[in-house]
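Here is the structure we will look at, set down as structure tokens.
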Amino acid sequence: MKKSARYFVTLTCLLAATTVAEDIVVHGAIIHTMAGATIRDGVVLIRGGKIESVGEAASVKIPAGWRVLKAKVVTPGLIDAHTVVGFSGILNQPQDQEQLEKSAPLQPDLRAIDAYNGRDPLVEYVRSFGVTTLHTGHGPGALISGQTMIVKTYPPNLDLALINPAAMTAATLGSGAKAEKDKAPGTASKAVAMFRAELIKAEDYVAKGKKSDIEKRPARDLRLEVLARALDGEQRLLITVHRHQDVIAALRLAAEFKLRIVLDGVSDAPLVLDEIKKSGFPVFLHPTMYRANNETENLSIETASKLRNAGIPFALQSGFENYVPKTRIVLFEAAIAAANGLSQSDALAAITIDAAKLLGIQQRTGSLEIGKDADLALYDGDPFEYTTHCTGVVVSGVVTDVQPH
Amino acid sequence: MLLPSMIRFRPAFLAFLAAVFGGAVLAPAQETPLALIGAQLICVSGETHEEGVLVVHRGKIIIVGPRGTALPAGATTRDVRGQIIMPGLVDTHSHIGSPAGGDQSAPIQPDTRVLDAVDVRDASIQKAQAGGLTTANIMPGSGHLISGQTLYVKLRDGNTIDDLLITDKAGRVAGGLKMANGTNSRKDPPFPGTRAKSAALVREKFIAAREYREKIVRAKGDVDKLPPRDLALEILVEVLERQRVVHHHTHRHDDILTVLRLQKEFGFRVVLHHVSDAWKVSEEIAAANVPCSIILLDSPGGKLEARDVDWKNGVALEKAGVPVGFHTDDPVTDSRLFLRSAAFAVRAGMSRAGALRALTLTGAEMLDLQARIGSLEVGKDADFILLSGDPFSVYTHVLETYVDGVKVFDREKEKDRRWSTGGYGAGNPRAAHLCCFGTWEEAR
């Protein structure tokens, strides 16, 4: 056998060995399906990577010979609504930081799929607490930093783990958008002006692209192509903003260009609840334990409950950290929200089914329902308690973690 | 030894002491005894009382006992059934008040004092009170081999830093010395470029301090024979005399052993801080009989030398017999969530009793303050907190914080509550300052 062929066979076998979905029975004293009532003494049957049935143990026929996992509490696999895991690597050194390219302020053409490292230790780390899906990619810190994607935390092979290769386009307004000194944008106003100019360019690009005379159509432009997808609503803009005036600026921008946006971060959300509610746009709220300084100085650990009470759709996220912790764990962010005004079920929804809906992946994951991907997290107690351990994780029907963490 | 007292009683230092004492304003504690009745009392040094009685008077604890313990005449009583009272938390490593010690001019600056740089109006101090902290070791950063003198403070409501100081009977302001090795203190000259160079520079300086001390001893009090006063060396002399504890930032296993080697050579007292790789060398740390103040982070990494930091450090050190304390390293972790750090150590296998002691009495021991604070004992300072539930539950809130018998945080009061939850006006308009990345914003 030729050397290259041998490698190919080996590789194929390895992939097969690590990605095979088993037939599994997950037995839970409490199962939070996030689709209807909590089940006591229930089971989830998993076959071919999908959920085959969910119900009370007494009412579900359990096939013989299937692998059995038991836990006190079972939840859907957790979804981190916005992170940079896989991009901002554990070492925090230039060679493992892919979340921000600083050479230009507007780079919507940067694709997330071209930089994701599914083997960064932080991917496995967050998974070990029950996180099975990441909305990750280019981070905040540039006017438009690039695109994001949605990926499972297993397997490390991107092609096998990918759910959506181009989920959103990541943008930042406010002082977070400022470029290095003497470069534009240097102010919040300049950031908006540049954003508007670029969107107008994209509108023009779209209009010219429709001309019947092929000679009059513009040359292909990767940047404007992506913004065109924002203009027609196909690819939403994820706009990171913290100060109340910047939130309003983002809403103004969305209204002017009829954009579909997600407000990200939003430390000052409690100051502009009515405006956010009226816009109809969802919020990916800053990590509950995010540091309060500069733009984020007014953040509150009670904001999630205020969004809930105002009827604003939201999800929780681990966000981006430039130092330590190199990533937060979205489970812990939800836990602190649950301890500070949000109900336990709403907190769990914010990292499962609500996050799935806001990311447009609710057909695949986010709840324990027949036909959905078998993404589950197992715990030996209340998942939010500090001293509870995650005792098992299943991603797409593969048991990835069984060591208590 | 004679020497430190000789230094202490130089006229300049006396003037300094006078300034400190002249400026110190003790907040009023209760003139009538305050009795808190019915809470579970986690005393740390003694048994836990399920429905106990705690009485404080004039800033001190005067009674700790089980239900039915007789109260002093005229005591104000409060029914606090359903709550938990434990000693105020001791943070052995914090940067609240955003102080900087040494500047970028040199890697060794023991002459700089955090005392001269703490902003007592910084929101981080109120937030620490909201987290149940009553004592903190405020440190300069880790971007130097020796970045300056640390300051042990009581988190009283202060108008100036003098109101927060802790002084001994001789009037000495309590504090240690911050040192660091590993990568934070490595940079362009005059800073060291390698680990070996870092150790060499430190050894050179301590040897100079030894010689300085010997010159002073040989002078036998003769002013003409005394060496010129050296602010840096006289602090290192205090360290050599074991009067000032070294608080040593260190992460990697080999850096930890380097600290132990230096400690052996110079005989100083040291607390290891962070100690990311502690679980790899816990036996060596135990053999050196050196305590560790550890940090628990939501995730490892952030830099190469902290790649392997693990929650199991608590249990690994506890099993090896090493005294363990915790720290926030605020703003690295949030003082309001200090209990959470201990809870994660318990999650990874540390005993509950060990984790409770680490938060309080063991921390106090690391600051030489165990005679005054760290447990609910008669005669100790009335530093304690009221909790809504189990100290290690996420759903528990710090309800009240007392320092020297004075309530400095009350969650029932809207103004105080905001320090606990955050919200408009509760933040810092400035970025937090870090050792080696500049501000958070610059680091990005």
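Below, chains carry the letters A, B, ... as their sequence lines are ordered, and counting in each starts from 1.
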Review point. Given Tyr386(A), which of Val394(B), Asp390(B), Thr396(B) fulfils the side chain to side chain contact (heavy atoms under 4.5 Å, CB included) condition?
Key: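 With Tyr386(A) as partner, Val394(B), Asp390(B), Thr396(B) yield a single side chain to side chain contact (heavy atoms under 4.5 Å, CB included), made by Val394(B).
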**Study point:** Which of Arg328(A), Met289(A), Glu180(A) touches chain B most, by non-hydrogen pairs under 4.5 Å
**Key:**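 Among the listed options, the one with the most contacts to chain B is Met289(A).
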Check your understanding: Asp268(A), Leu271(A), Asp96(A), Ile329(A): which one forms the most heavy-atom pairs within less than 4.5 Å of chain B?
Key ->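 Maximum pair count with chain B is reached by Leu271(A).
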Point to revise | Heavy-atom side-chain contact between Ser393(B) and Glu385(A) under 4.5 Å | key: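 In short, these two side chains touch, coming nearer than 4.5 Å.
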Check your understanding: If you round to the nearest 0.5 Å, how far is OG of Ser98(B) from CG of Asn293(A)?
Key ->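 Answer for the CG-OG pair, Asn293(A) versus Ser98(B), is 9.0 Å.
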**Study point:** Atom pair CG (Asp334(B)) and CZ (Arg291(A)), whose distance is rounded to the nearest 0.5 Å
**Key:**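 Answer rounded to 0.5 Å: 8.5 Å.
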Point to revise | Part of residues 306-319 of chain B lying next to chain A, heavy-atom separation under 4.5 Å | key: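 Within residues 306-319 of chain B, the residues under 4.5 Å from chain A are Arg307(B), Trp311(B).
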Check your understanding: So which bits of residues 337-347 of chain B come within less than 4.5 Å of chain A, counting non-hydrogen atoms only?
Key ->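 Within residues 337-347 of chain B, near chain A: Leu337(B), Arg340(B), Ala343(B), Phe344(B), Val346(B), Arg347(B).
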Which region of [X], side chain (C-beta onward) or backbone (N, CA, C, O), has a non-hydrogen atom less than 4.5 Å from a non-hydrogen atom of chain B, or is it both or neither?
X	result
Tyr125(A)	side chain
Thr388(A)	backbone
Gln99(A)	neither
Leu299(A)	backbone
Asp382(A)	side chain

Review point. Do you know which two heavy atoms are closest between Ser299(B) and Pro325(A), and how far apart they sit?
Key: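 Heavy atoms of Ser299(B) and Pro325(A) come nearest at OG-CB, 3.5 Å.
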Point to revise | Shortest non-hydrogen separation from Gly301(B) to Lys326(A) and the atoms involved | key: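 It is C-CB, 4.4 Å.
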**Study point:** From CA spacing to verdict: side-chain contact (heavy atoms from CB on, under 4.5 Å), Asp298(B), Thr327(A)
**Key:** CA-CA 7 Å; Asp298(B) 283 36; Thr327(A) 185; over 6 Å; no
Is the number of heavy atoms from other residues, nucleotides or ligands under 6.0 Å of [X] [atom1] greater than 12?
X	atom1	value
Gln403(A)	CD	no
Lys190(A)	NZ	no
Glu412(B)	CD	no
Gln97(A)	CD	yes

Backbone of [Y] reached by a side-chain donor or acceptor of [X] within 3.5 Å:
X	Y	value
Thr421(B)	Ile301(A)	no
Asn298(A)	Tyr424(B)	no
His405(A)	Ala348(B)	no

Point to revise | Arg418(B) bridged to Glu302(A) by N-O distance under 4.0 Å | key: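 Salt bridge absent between Arg418(B) and Glu302(A).
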